[in-house]
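Presented below is the structure to which this report refers.
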Protein chains: 2
Amino acid sequence: MNIGQAAKHSNISAKTIRYYESIGLIVPASRTDNGYRTYSDKDVQTLRFIHHARSLGFSVKDVSMLLDLWRNQKRASADVKALAMAHVAAVDHKIGELQRMRDTLLDLTHRCHGDDRPDCPIIEGLAGKTADA
Amino acid sequence: MNIGQAAKHSNISAKTIRYYESIGLIVPASRTDNGYRTYSDKDVQTLRFIHHARSLGFSVKDVSMLLDLWRNQKRASADVKALAMAHVAAVDHKIGELQRMRDTLLDLTHRCHGDDRPDCPIIEGLAGKTADA
DNA sequence: ATAAGGCTTCCAGATACTGGAAGGTCAATA
DNA sequence: TATTGACCTTCCAGTATCTGGAAGCCTTAT
């Protein structure tokens, strides 16, 4: 099938598929006589794998490693688990950061009356000294 | 003071201060005879404001608006509050996304025995069909 | 005189795409 | 047959937010 069909079946845009090829995440697709890329069902499966991994927040570099592990029949599940757990830890960290941000921000917004007067605790909070070094 | 001192007092690197100047987030610093940028305490205060806003996750574009509001004595606190609340909503959305990712991933890792055998539910989960179209 | 450290500019890279332009190809229709 | 519209191709540039590094000038101290 052509790239458009592969895109449809994998939920990755044609543009992005070409991009993945350009950075070496996937092997270059074979071409028909007219120069169009062609994809097999197996190729689409690979694309779907990539889509799933990316939607779980794995970086492209991580996905590259996961693809290697996927294709490597002798892989140890410990390797995969280590990658996944490191990723969970990173995601947890990010969630914590965002929650702290959110709490601070929400606190400021709650103290802001939000009318047409110029005094505003949010602005004052941003201008004022906070706990950083 | 020179850019190095301004950096120290604002917790923004000299490199980043120059970058902010280059994109027009801050007005170009005045220069001494030798071409060095000089910063006043007021400039540093502005930089600190920027640092706080950025650390709360506001985009540079948002920060630019917040700076305008900060400098505008006739601002309505409603404007600031609207910006902040939109940001809280965006952060909440992001947190939700990350939590869903995390839960899926944690589920997969829990089901992975993580030893030297090759079968691995994480890989299988990524390869398998999921609920997306 | 020289060395260390701070300052300057400019270019490039990282991340992960996305948009658009210019142009070739294919299938169907008038 | 000519044309239209949907695909496909490549290449360049832009998004967001810095960060690193090179080449070179300025200041200060020894």
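Just so it is clear: chains get the letters A, B, ... in the order the sequence lines come, proteins before strands, and each one is counted from 1. FYI, side chains are in, hydrogens and waters are out, and symmetry mates aren't considered; it's all heavy atoms of this structure.
Residue Arg37(B) places at least one side-chain N or O closer than 4.0 Å to OP1 or OP2 of dT9(C). A sub-4.0 Å separation between OP1 or OP2 of dC18(D) and a side-chain N or O of Tyr20(B) is present. Of the side-chain N and O atoms in Thr16(A), one or more sit less than 4.0 angstrom from OP1 or OP2 of dT18(C). Within the 4.0 Å cut-off from OP1 or OP2 of dC8(D), not a single side-chain nitrogen or oxygen of Arg18(A) is found. One finds no side-chain N or O of Asn34(A) lying less than 4.0 angstrom from the OP1 or OP2 phosphate oxygen of dT9(D).
Between the NZ atom of Lys94(B) and the P atom of dA16(D) there is a distance of 15 Å, rounded to whole Å. We find that CE of Met1(A) is positioned 12 Å from P of dC8(D), with the value rounded to whole Å. Spacing between atom CZ of Arg54(B) and atom P of dT19(D) amounts to 10 Å, rounded to whole angstrom units. In this entry the distance linking CD1 of Ile26(A) with P of dA16(C) reads 15 Å, nearest Å. Atoms NZ (Lys8(B)) and P (dG5(C)) sit 12 Å apart, rounded to a whole Å. If you take CD1 of Ile17(A) and P of dT18(C), they are 12 Å apart, rounded to a whole angstrom. Atom pair Ile23(B):CD1 and dT15(D):P shows a separation of 12 Å (rounding to whole Å applied). To the nearest angstrom, C1' of dA6(D) lies 12 Å from CD of Gln5(A).
Side chains of His113(B) and Ser77(A): a donor on one and an acceptor on the other come within 3.5 Å. Looking at Asp107(A) and Thr104(A), their side chains never bring a donor and an acceptor atom within 3.5 Å of each other. A side-chain donor from one of Ser40(A) and Asp43(A) sits under 3.5 Å from a side-chain acceptor of the other. A donor-acceptor contact closer than 3.5 angstrom is absent between the side chains of Thr32(A) and Thr38(A).
Listed nucleotides: dC18(D), dC17(C), dT8(C). Nearest to the side chain of Arg31(B): dT8(C). Here the nucleotide nearest the side chain of Val60(B), chosen from dC7(C), dC18(D), dC17(C), is dC18(D).
The CG atom of Leu106(A) sits 12.0 Å away from the CD atom of Gln99(A) when rounded to the nearest 0.5 Å. Arg75(A) contributes atom CZ, which lies 6.0 Å from atom SG of Cys120(B) (distance to the nearest 0.5 angstrom).
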Could I get a table of every N or O pair under 3.5 Å where one atom is in the protein and the other is in nucleotides 20-24 of chain C?
from    : atom 1 : to       : atom 2 : distance (Å)
dG20(C) : N7     : Lys15(A) : NZ     : 3.3
dG20(C) : O6     : Lys15(A) : NZ     : 2.3
dG24(C) : N2     : Tyr36(A) : OH     : 2.9

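Proximity of residues 98-105 of chain B to DNA chain C (heavy atom under 4.0 angstrom from any strand atom) is not detected for any residue.
Of the charged side-chain nitrogens involved, at least one lies within less than 4.0 Å of a carboxylate oxygen, so that Glu97(A) and Lys94(A) count as a salt-bridged pair.
Under the 4.5 Å side-chain heavy-atom criterion for Ile, Leu, Val, Met, Phe, Trp and Tyr, Tyr39(A) and Tyr36(A) are members of distinct hydrophobic clusters. One hydrophobic cluster, built from ILVMFWY side chains closer than 4.5 Å, holds both Leu67(A) and Tyr19(A).
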Could you check Ser10(B) against Ile17(B) for side-chain contact (heavy atoms from CB on, under 4.5 Å), going step by step and ending with a plain yes or no?
CA-CA 10 Å; Ser10(B) 65; Ile17(B) 293 174; 4.2 Å; yes
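Comparing the axis of the opening five pairs of the helix from dA1(C)-dT30(D) to dA30(C)-dT1(D) with that of the closing five pairs yields an angle of 30°, rounded to 10°.
For Met85(B), the CE atom sits in a loose shell: 12 or fewer heavy atoms of surrounding residues, nucleotides or ligands are nearer than 6.0 Å. Summarising the local packing, CG of Asn34(A) is surrounded by more than 12 heavy atoms from other residues, nucleotides or ligands at distances under 6.0 Å.
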